[in-house]
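Written out below as structure tokens is the structure these notes cover.
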Amino acid sequence: MQLSGHAFAPRSSQRCEAFFHLEQNEVGSQQWVLALEGQRFCYPLQDVEFSAPVGNMPIRLQLPDGRMFITQRTSELDKWLKSQQRWTLKLDWLERHWIAWLSSGILCLVLLVSGYHYALPWVGSKTAQALPERWSLLIGDQVLDTLDHIYQPSQLSMDQQNAIRSRVAGYLEKLPVMPFSIEIEFRSSPGESNAFALPGGKMVILDDLVAMMENPRQLDAIIMHELGHIYHRHMLTRLVQSSIISVAVAVMTGEASGVIDNMAGVGVFLLANQQSRRNEQQADAFARQAMMRLFDDHQALAKAFERLKQQPGLELPQWLSTHPDIEQRIRDAQISP
Ligand SMILES: [Zn+2]
């Protein structure tokens with residue numbers, strides 16, 4: 001068998017035309033011979049390593065003296081490799097057997113999907129719990145700084161704000177211990193009746209939400225819902241998860257081009273939507289239980305949801321409108337915790 005190709009000197013990218021063939025040495029055993037530029041280099045049969053054949057890609061021969069020889073794949077070489085080193089053909093076999101490829105693909109997909117559904121939420125929640133409190137506070141402050149470019153200062157009087165703050169402080173003494181100290185911030189965004197929890201224990205309440213509630217108990221029910229998010233560290237967990245997805249996609253694909261960024265974005269979006277529903281249910285459950293403990297009645301939660309739903313001409317708050325199952329949530333809020 002005579003192979004033609006190119007040889008590379010050790011640690012050099014300079015190539016020169018060369019030939020490689022098998023011949024018998026003086027003691028009668030076979031050896032490989034590399035012929036280039038009028039020189040001959042001999043190698044014992046077993047000391048030459050062949051790269052695994054993949055499609056039409058050239059075969060790389062690693063020689064014991066550090067040289068490399070690259071040749072095109074031929075049927076003669078295939079036959080020889082098959083007879084000598086079956087294991088090197090494993091990859092090639094896979095490539096030629098699409099059922100095996102397909103099964104591997106499906107297996108990868110199953111691993112990816114189960115990792116996404118089970119491992120990622122678990123890792124996200126564990127990481128969020130392990131993050132130092134200082135970091136969570138910093139992230140929360142950063143988010144609030146950004147939001148302050150959109151929101152205006154609250155129009156509520158200091159007395160009104162402090163009345164709500166001291167009510168909540170009183171409730172907190174009777175509720176499960178929060179992972180962070182709770183700080184309530186008031187802002188205004190005309191037309192937006194909303195409240196939300198930030199990582200690190202800050203909660204933002206918008207003026208229109210306060211105005212929309214029929215009584216303090218209804219507002220408290222919404223605040224309990226937000227406390228539920230803080231208690232379960234939902235925002236932090238989502239932030240950690242979205243960071244993991246972005247890094248994982250970059251690592252898996254080895255690049256961070258715009259397309260890949262978008263893929264990561266879609267992943268984050270899907271995860272956020274799928275998990276936000278579970279998070280909302282957890283926060284609702286926390287609110288119901290808290291209301292029962294504080295007032296022995298949680299109907300105010302259902303009333304608050306109905307109030308938000310029935311406001312004519314007003315957009316539903318984002319955390320409510322993203323979930324079409326508001327009716328179900330109202331029903332859940334009406335039954336016992
Ligand atoms: Zn919520």
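Nearest heavy atom pair, residue Cys16 against residue Glu37, reads CB-OE2, 3.9 Å. Smallest separation of non-hydrogen atoms from Met292 and Asp297: SD-N, 3.6 Å. In terms of heavy-atom proximity, Ala18 sits nearest to Ala7 at CB-CB, 3.7 Å. When all heavy atoms of Ser193 and Met212 are compared, the pair lying nearest together is OG-CE, 2.8 Å.
The hydrophobic cluster containing Phe8 also includes Met68, Ile70, under a criterion of side-chain heavy atoms closer than 4.5 Å among ILVMFWY residues, counted directly or through chains of members.
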Verdict with supporting geometry, Ser29 and Gln24, side-chain contact (heavy atoms from CB on, under 4.5 Å)
CA-CA 5 Å; Ser29 57; Gln24 288 216 331; over 6 Å; no

I'd like to know whether Arg307 forms a side-chain contact (heavy atoms from CB on, under 4.5 Å) with Glu214, so could you lay out the CA-CA distance, the side-chain angles of the two residues, the decisive distance to 0.1 Å, and finally the verdict.
CA-CA 8 Å; Arg307 191 92 189 116; Glu214 290 168 314; 3.3 Å; yes

Applying side-chain contact (heavy atoms from CB on, under 4.5 Å), run through Asp148 and Arg187 and close with a yes or a no.
CA-CA 8 Å; Asp148 274 337; Arg187 297 289 187 275; 2.5 Å; yes

Run the side-chain contact (heavy atoms from CB on, under 4.5 Å) check on Met235 and His229 step by step: do they pass?
CA-CA 7 Å; Met235 305 303 154; His229 282 310; 4.0 Å; yes

Evaluate side-chain hydrogen bond (donor to acceptor under 3.5 Å, both in side chains) for His225 paired with Asp284, printing each intermediate quantity in order.
CA-CA 6 Å; His225 171 94; Asp284 284 354; 2.7 Å; yes

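Taking 4.5 Å as the limit, every side-chain heavy atom of Asn279 sits out of range of all side-chain heavy atoms of His232. Counting heavy atoms from C-beta on, the side chains of Leu77 and Phe50 come closer than 4.5 Å. Using a 4.5 Å heavy-atom cutoff, the side chains of Ile222 and Ile205 are not in contact. Looking at heavy atoms from C-beta onward, Leu294 lies in side-chain contact with Met224 at the 4.5 angstrom threshold. Side-chain contact between Gln31 and Val33: present, with at least one pair of heavy atoms (C-beta onward) separated by less than 4.5 Å. A heavy-atom distance below 4.5 Å is found between the side chains of Glu192 and Tyr151. Side chains of Leu36 and Phe41 form a contact here, defined as non-hydrogen atoms less than 4.5 Å apart. Phe295 places a side-chain heavy atom less than 4.5 Å from the side chain of Arg217.
Connection of Met158 to Val210 is not established within any shared hydrophobic cluster, with ILVMFWY side chains joined at heavy-atom distances below 4.5 Å, either directly or through further cluster members. Tracing side-chain contacts under 4.5 Å through hydrophobic residues (I, L, V, M, F, W, Y), one never reaches Leu111 starting from Leu102; they form parts of separate clusters.
Under 4.0 Å is where a charged nitrogen must lie from a carboxylate oxygen, and between Glu280 and Arg278 no such pair does. Salt bridge annotation for Arg73-Asp78: present, with a cationic side-chain nitrogen under 4.0 angstrom from a carboxylate oxygen.
Rounded to the nearest 0.5 Å, atoms CG (Leu63) and CH2 (Trp32) are 10.5 Å apart. The CH2 atom of Trp122 sits 13.0 Å away from the OG1 atom of Thr237 when rounded to the nearest 0.5 Å. Rounding to the nearest 0.5 Å gives a distance of 12.5 Å between CG of Asn194 and CG of Asp207. How far CZ of Arg15 is from NE2 of His6: 4.0 Å, rounded to the nearest 0.5 Å. The OG atom of Ser51 sits 7.0 Å away from the CG atom of Leu61 when rounded to the nearest 0.5 Å. In this structure, OH on Tyr43 lies 15.0 Å from CG on Asn25, to the nearest 0.5 angstrom.
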May I have the list of side-chain donor-acceptor pairs in residues 127-147 shorter than 3.5 Å, sequence neighbours left out?
| from | atom 1 | to | atom 2 | distance (Å) |
| --- | --- | --- | --- | --- |
| Thr127 | OG1 | Val123 | O | 2.6 |
| Asp141 | OD1 | Lys202 | NZ | 2.5 |
| Thr146 | OG1 | Gln142 | O | 2.9 |

Just list the side-chain donor-acceptor pairs under 3.5 Å for residues 174-184, sequence neighbours left out, or say none.
none

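Every side-chain contact (heavy atoms from CB on, under 4.5 Å) that Pro190 has, sequence neighbours left out, goes to Gln152, Ser188. Partners of Asp65 by salt bridge (Lys or Arg N to Asp or Glu O under 4.0 Å), not counting sequence neighbours, listed by chain and number: Arg67. Every side chain to side chain donor-acceptor pair (under 3.5 Å) that Gln282 has, sequence neighbours left out, goes to His234. Partners of Gln30 according to the side-chain contact (heavy atoms from CB on, under 4.5 Å) rule, which considers only residues two or more places apart in sequence or in another chain, are Leu22, Leu45. In terms of the side chain to side chain donor-acceptor pair (under 3.5 Å) criterion, Asp47 has no residue partners (sequence neighbours excluded).
Within the structure, salt bridge (charged side-chain N to carboxylate O under 4.0 Å, His left out) pairs that include any residue of residues 161-171 comprise Arg167-Asp220 (at least two apart or interchain). For residues 23-36, every residue pair satisfying the salt bridge (charged side-chain N to carboxylate O under 4.0 Å, His left out) rule, not counting sequence neighbours, is listed here: Glu23-Arg40. The salt bridge (charged side-chain N to carboxylate O under 4.0 Å, His left out) analysis of residues 123-132, with sequence neighbours excluded, yields no pairs. Within the structure, ring-ring contact (aromatic ring centres under 6.0 Å, His included) pairs that include any residue of residues 58-79 comprise Phe20-Phe69 (at least two apart or interchain).
Applying the 6.0 Å contact sphere to CD of Gln2 captures more than 12 heavy atoms from other residues, nucleotides or ligands. Under a cut-off of 6.0 angstrom, the local environment of CD in Gln14 is sparse, with at most 12 non-hydrogen atoms contributed by other residues, nucleotides or ligands. No more than 12 heavy atoms of other residues, nucleotides or ligands lie within 6.0 Å of OH in Tyr231, so this atom counts as exposed by the packing criterion.
Using a distance-only test at 3.5 Å, with no hydrogens or angles considered, no donor-acceptor pair links the side chain of Gln160 to the main chain of Leu156. With Asp208 contributing its side chain and Gly191 its backbone, the two residues share a donor-acceptor pair below 3.5 Å. Ser4 contributes no side-chain N or O that, together with a main-chain N or O of Phe19, makes up a donor-acceptor pair within less than 3.5 Å.
In summary, of the residues considered (Met213, Glu306, Gln299), a side-chain contact (heavy atoms from CB on, under 4.5 Å) with Gln218 occurs for Met213 alone.
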